[in-house]
Amino acid sequence: MKPELIQSGPRDAYIVAVGESPGRNEIEQGKPFVGAAGEILDRAFTQANRALGRTLLLHHELFITNLAHIQPPGNDFDYFLHPQLRPELMLGILQLKKDLEEIRPNLIIALGNMPLRFLTGKEGIGKWRGSILPCTLVSGLKVVATFHPASILRVYDNNGVFQTDIRRCAEESLTPELNLPKRDFYIDPIADVRNELILEMCRAEWLSIDIETVKQTDGTWHISCVGFSDYADRAMILPWNSSDNRLAIAVLCSCQAKKIFQNGMYDISVLLDNGIKVKNVVWDIMYGHHALYPECGGSDDEVTELLGTKRVARSALMKKLEFQTSIYTREPFYKDDKYTDDLPTFYTYNGRDAAVTREIRDVQERELRDFGTIEVFEHEMALQPLLMHMTRAGIQIDTVEMNRLKAEYEEKIGRLQDFLDKGAGRSVNVKSPDVKWLLFEKLGLPVSKRSEKTDKPSADKYVIEALNTKHPHPLLGAILEIRSLRDLIERYLDTKLDADNRWRASFDPTGTRTGRLASRSNIYGTSNNIQNIPERIRRMFVADPGKILFSIDYSQAEARVVAWLARCESLIGVFNSGQDIHSRNAARFFNLEGTDYEIKTLQGGLRFAAKRIVHGSNYGMQAQRLIESANDDARRTGSPHRLTLDIARRGQETYFLLYPEIKDNFWREVREALRDTRTLNTPFGRKRQFFGRWDEKLMNEAYAFVPQSTVGDLACKAMIRLWDNDKEQWKLRPGAELLANGHDSLIGQCKIEDIRWTVAMVRKAMDIPMLIHRRELRIPTDVEVGHNWSDYNEQTNPDGLMELSKWLQKSRG
DNA sequence: GCAACGAGCGCC
DNA sequence: AAAGGGCGCTCGTTGC
């Protein structure tokens with residue numbers, strides 16, 4: 001008997017969607033994609049149609065079928081393939097061929113790797129998804145592949161990509177033609193052709209530039225070739241190996257055309273290292289993409305790939321050119337050409353990159369205007385030159401101090417490690433599972449937390465700190481101490497510096513989902529992230545000779561933004577009154593009203609607890625986690641005070657009781673915005689779409705987004721003001737410069753005699769009024785100055801950071 | 001021997 | 001069951 005076909009839809013459909021094989025529900029109901037996977041597909045089409053302004057009756061346009069029409073044992077498609085192709089699959093594919101020949105849809109959607117393989121002969125859904133491909137099963141038809149909807153259930157991060165792919169499918173289904181972009185590539189052209197092209201390209205409005213490089217053993221980059229494209233249908237590729245070409249490259253880079261890059265900070269730096277200045281850089285498609293899809297922010301992308309520390313993509317949406325090509329253009333996947341031995345193929349690859357970059361710019365401009373984030377893009381572009389400057393300037397490291405710290409910590413580690421090994425009866429590596437053996441087997445202590453991913457017991461500092469409170473044991477403290485000392489050495493004190501002993505961290509405006517800057521090691525592989533340097537080693541960062549460091553931070557910035565977002569009059573009142581908000585809150589949370597609460601709270605460490613409670617509670621942190629972070633702070637700073645669960649709970653309850661608007665307004669409005677549009681807007685015009693699964697984690701991400709983003713943007717806006725040399729009102733004197741961004745703080749240096757003036761300028765630039773719910777918010781700033789970057793201490797760090805007024809007094813005396 | 005991955009942890 | 005968010009880096013383990 002012929003098996004029943006699990007299919008649905010009309011035989012005059014525009015689109016045929018092809019899955020792998022039916023599941024149990026599909027078999028029972030005789031229809032494909034009836035469960036959760038079907039819902040995902042349905043929803044994506046509805047959204048795509050809405051985005052395209054179409055009202056399309058899905059079921060009249062879409063024919064859905066599978067490669068096979070029986071369920072393989074264990075739902076494992078491999079059953080059909082190994083040890084050899086099974087007849088059930090071959091029958092299914094013949095049926096599919098027949099169906100396609102009869103229906104002749106405008107578009108076939110391959111849902112997953114197997115349909116991709118049998119419809120196009122291509123393999124690797126991650127590479128080929130989104131590409132418009134000729135169908136090899138039935139010639140003359142076209143295929144777009146994307147993830148199988150069921151995979152979205154497992155890897156929800158793919159949801160955003162899936163949605164953009166389905167949108168492409170809805171567009172492609174309008175016409176049957178493959179109609180792929182055609183481009184001409186002029187590879188190392190003869191002088192006449194080259195000169196003609198140079199003339200034309202210099203006169204063009206836009207010119208994209210893309211370099212190919214090889215890393216040298218000394219960390220520098222050798223340029224192989226440079227691609228230029230003035231129109232998306234052509235590109236010129238100039239190998240670096242002739243002096244004529246190098247001159248041509250210099251001419252093109254310095255011409256008046258508006259330049260387009262993909263991750264230009266890299267290209268521009270490398271060109272500069274080779275004596276070539278790029279003028280009129282106006283568009284970076286990585287920045288454009290980030291302003292459209294902030295979810296692409298985060299590491300683990302081509303930036304980190306460049307550094308050789310690539311990790312698996314974690315972001316819902318990637319920002320690399322390969323991905324952008326798949327969503328902004330109709331150019332099929334071609335990145336494998338990069339790894340060819342064939343020189344012409346490689347040069348063509350370079351030219352295609354340039355042409356695609358050129359093409360993407362135009363699409364991005366339209367989309368940025370439609371989406372309403374063109375100002376966000378321009379803001380990030382404005383940051384680029386000053387961030388490059390900061391990276392290239394760097395900060396001086398006192399290497400004597402660096403080595404002294406390392407020696408001190410190594411000595412301590414040696415002693416503690418001896419103590420630990422003797423106590424444990426064997427050697428214990430504190431960064432290995434040895435610790436779990438020691439805690440949970442040898443000492444028989446209880447497991448209190450497990451990894452979400454692997455379900456393995458956790459032995460992190462919170463667990464160990466909690467164990468130490470309940471079952472005190474000297475080895476526990478030793479583990480924590482060794483871990484943190486090893487960390488200081490491995491992650492900071494062993495950092496490779498440049499030959500002039502400067503720390504040159506890079507800054508990346510597309511590095512986060514919020515618009516904060518990300519910081520990491522630079523393109524030559526020296527230095528590291530400068531935004532997580534521990535306080536206890538910051539003293540090795542020093543001002544240049546004759547100069548002094550300043551660190552100016554926004555006071556309680558995120559908490560203020562939350563108060564304004566919540567329209568919480570009482571909290572706004574406390575901020576506006578100029579009182580010490582934490583002492584004030586501590587008094588109220590812990591019932592110290594009417595007493596001399598400031599002294600009491602300060603002495604009791606409750607002020608610190610109040611700070612933690614406010615910050616954590618705003619973003620959905622629970623009491624248990626609150627005390628962990630508060631007590632960790634206390635341990636690190638040597639404070640004897642510990643927060644108990646009871647006190648934390650009471651404090652948190654009081655916080656929400658006193659300021660109910662946090663939940664009633666702020667949280668509620670975030671949830672409503674998410675429910676209605678899955679999009680949040682910030683006071684500075686950022687828009688972030690949330691593609692994640694609808695759960696509390698998504699809510700917590702969303703609560704944190706606007707405050708974090710607003711403060712991050714605020715500090716960057718101030719940096720732009722100070723960089724912009726035309727603006728007389730924030731003009732810094734020669735020798736004064738910004739050195740780093742600490743999210744809510746700016747770090748810089750200036751000549752010692754200019755410190756008052758410089759600080760006044762920077763503070764003025766940082767004083768940026770915002771409107772939140774039509775109410776003005778201006779966040780005050782605190783200033784510290786010193787010769788090194790650690791806090792002042794009369795005995796241990798007399799050259800450290802202190803309040804400006806105190807420093808002036810001290811330096812007069 | 002290398003690459004991927006998880007755990008852990010520094011900062012705001 | 002319990003769960004703040006946002007990052008980047010290093011080590012140790014594991015799997016090929």
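The chains referred to below are lettered A, B, ... by the order of the sequence lines, with proteins before strands, and numbering in each begins at 1. Hydrogens, waters and symmetry mates are skipped; everything else that's a heavy atom, side chains included, is used. Fair warning: this is a prediction, and the values are worked out from it, not measured in the lab.
A salt bridge between E490(A) and K431(A) is present, with a side-chain N of the basic residue lying under 4.0 Å from a carboxylate O of the acidic one. Salt-bridge check for R502(A) with D498(A): failed, with every basic side-chain N at 4.0 Å or more from each acidic carboxylate O.
Applying the side chain to side chain donor-acceptor pair (under 3.5 Å) test to every pair with at least one member in residues 614-628 of chain A, sequence neighbours left out, gives these pairs: E558(A)-Y619(A), S617(A)-Q652(A), N618(A)-Y655(A).
OP1 and OP2 of dT13(C) both lie 4.0 Å or more from every side-chain N or O belonging to N429(A). Within the structure, every side-chain polar atom (N or O) of T514(A) is placed at least 4.0 Å from both OP1 and OP2 of dG5(C). Close to dG8(B), at under 4.0 Å from its OP1 or OP2, lies a side-chain N or O of K436(A). For the pair K431(A) and dT13(C), the criterion of a side-chain N or O lying under 4.0 Å from OP1 or OP2 is not met.
Nearest to the side-chain atoms of S521(A) among the listed nucleotides dC7(C), dG12(C), dC9(C) stands dC9(C). Nearest to the side-chain atoms of S432(A) among the listed nucleotides dA3(C), dT10(C), dT13(C) stands dT13(C). Distances were taken from every side-chain heavy atom of R625(A) (C-beta onward) to each of dT13(C), dG4(C), dA7(B); the shortest belongs to dG4(C). Side-chain atoms of R612(A) lie closest to dG4(C) of the nucleotides dG12(C), dG4(C), dA7(B).
Nucleic acid contact class of T495(A) (heavy atoms, under 4.0 Å, all strands): none. Note on S617(A): nothing from the nucleic acid sits closer than 4.0 angstrom, heavy atoms only. Contact annotation for S451(A): backbone-only contact, meaning every heavy-atom pair under 4.0 Å involves sugar-phosphate atoms and none involves a base. Within the nucleic acid shown, P707(A) has no heavy atom closer than 4.0 Å to any nucleic acid atom. Using a 4.0 Å heavy-atom cutoff across all strands shown, E452(A) reaches no nucleic acid atom at all. Contacts of R450(A) with the nucleic acid, taken as non-hydrogen atoms under 4.0 Å apart, are absent. Counting non-hydrogen atoms under 4.0 angstrom, S519(A) reaches the backbone sugars and phosphates but no base.
For N788(A), the side chain to side chain contact (heavy atoms under 4.5 Å, CB included) partners at least two apart in sequence or on another chain are R539(A), V542(A), S790(A), N797(A), D799(A).
In terms of modelled atom types and a separation under 3.5 Å, the side chain of N585(A) and the main chain of A610(A) share no donor-acceptor contact. Between the side chain of W503(A) and the main chain of N528(A), a donor-acceptor pair closer than 3.5 Å is present.
Distance Y619(A) OH to dG6(C) P: 12 Å, rounded to the nearest Å. Protein atom CG of N741(A) is 13 Å distant from nucleotide atom P of dG8(C), rounded to whole Å. Separating the CG atom of D434(A) from the P atom of dA7(B) is a distance of 16 Å, rounded to the nearest angstrom. When the P atom of dG8(C) is taken as reference, atom CZ of F507(A) falls 12 Å away, rounded to whole Å. When the C1' atom of dA2(C) is taken as reference, atom CG of D695(A) falls 13 Å away, rounded to whole Å.
Within 6.0 Å of the CZ atom in R649(A), the count of heavy atoms belonging to other residues, nucleotides or ligands does not exceed 12.
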Protein-nucleotides 9-12 of chain B N/O pairs closer than 3.5 Å?
unit_1, atom_1, unit_2, atom_2, d
dC9(B), OP1, R483(A), NH1, 3.0
dC9(B), OP2, K461(A), N, 3.0
dC9(B), O2, R491(A), NH1, 2.8
dC9(B), O2, R491(A), NH2, 3.4
dG10(B), OP2, K461(A), NZ, 2.5
dG10(B), O4', Y492(A), OH, 3.3
dG10(B), N2, N532(A), ND2, 3.0
dG10(B), N3, N532(A), ND2, 2.9
dC11(B), O3', R538(A), NH2, 3.1
dC12(B), O3', G742(A), O, 3.0
dC12(B), O3', D744(A), N, 3.4
dC12(B), O3', D744(A), OD1, 2.6
dC12(B), O3', D744(A), OD2, 3.4
dC12(B), O2, R516(A), NH1, 2.9
dC12(B), O2, R516(A), NH2, 2.8

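Residue Q624(A) is the one, among T512(A) and Q624(A), whose nearest nucleotide of DNA chain C lies closer to the 5' end (criterion: closest heavy atom).
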Exercise for the section: With salt bridge (Lys or Arg N to Asp or Glu O under 4.0 Å) as the test, would you mind laying out the steps for K687(A) and E295(A) before giving the verdict? Expected result: CA-CA 10 Å; K687(A) 284 191 186 183; E295(A) 289 291 273; over 6 Å; no
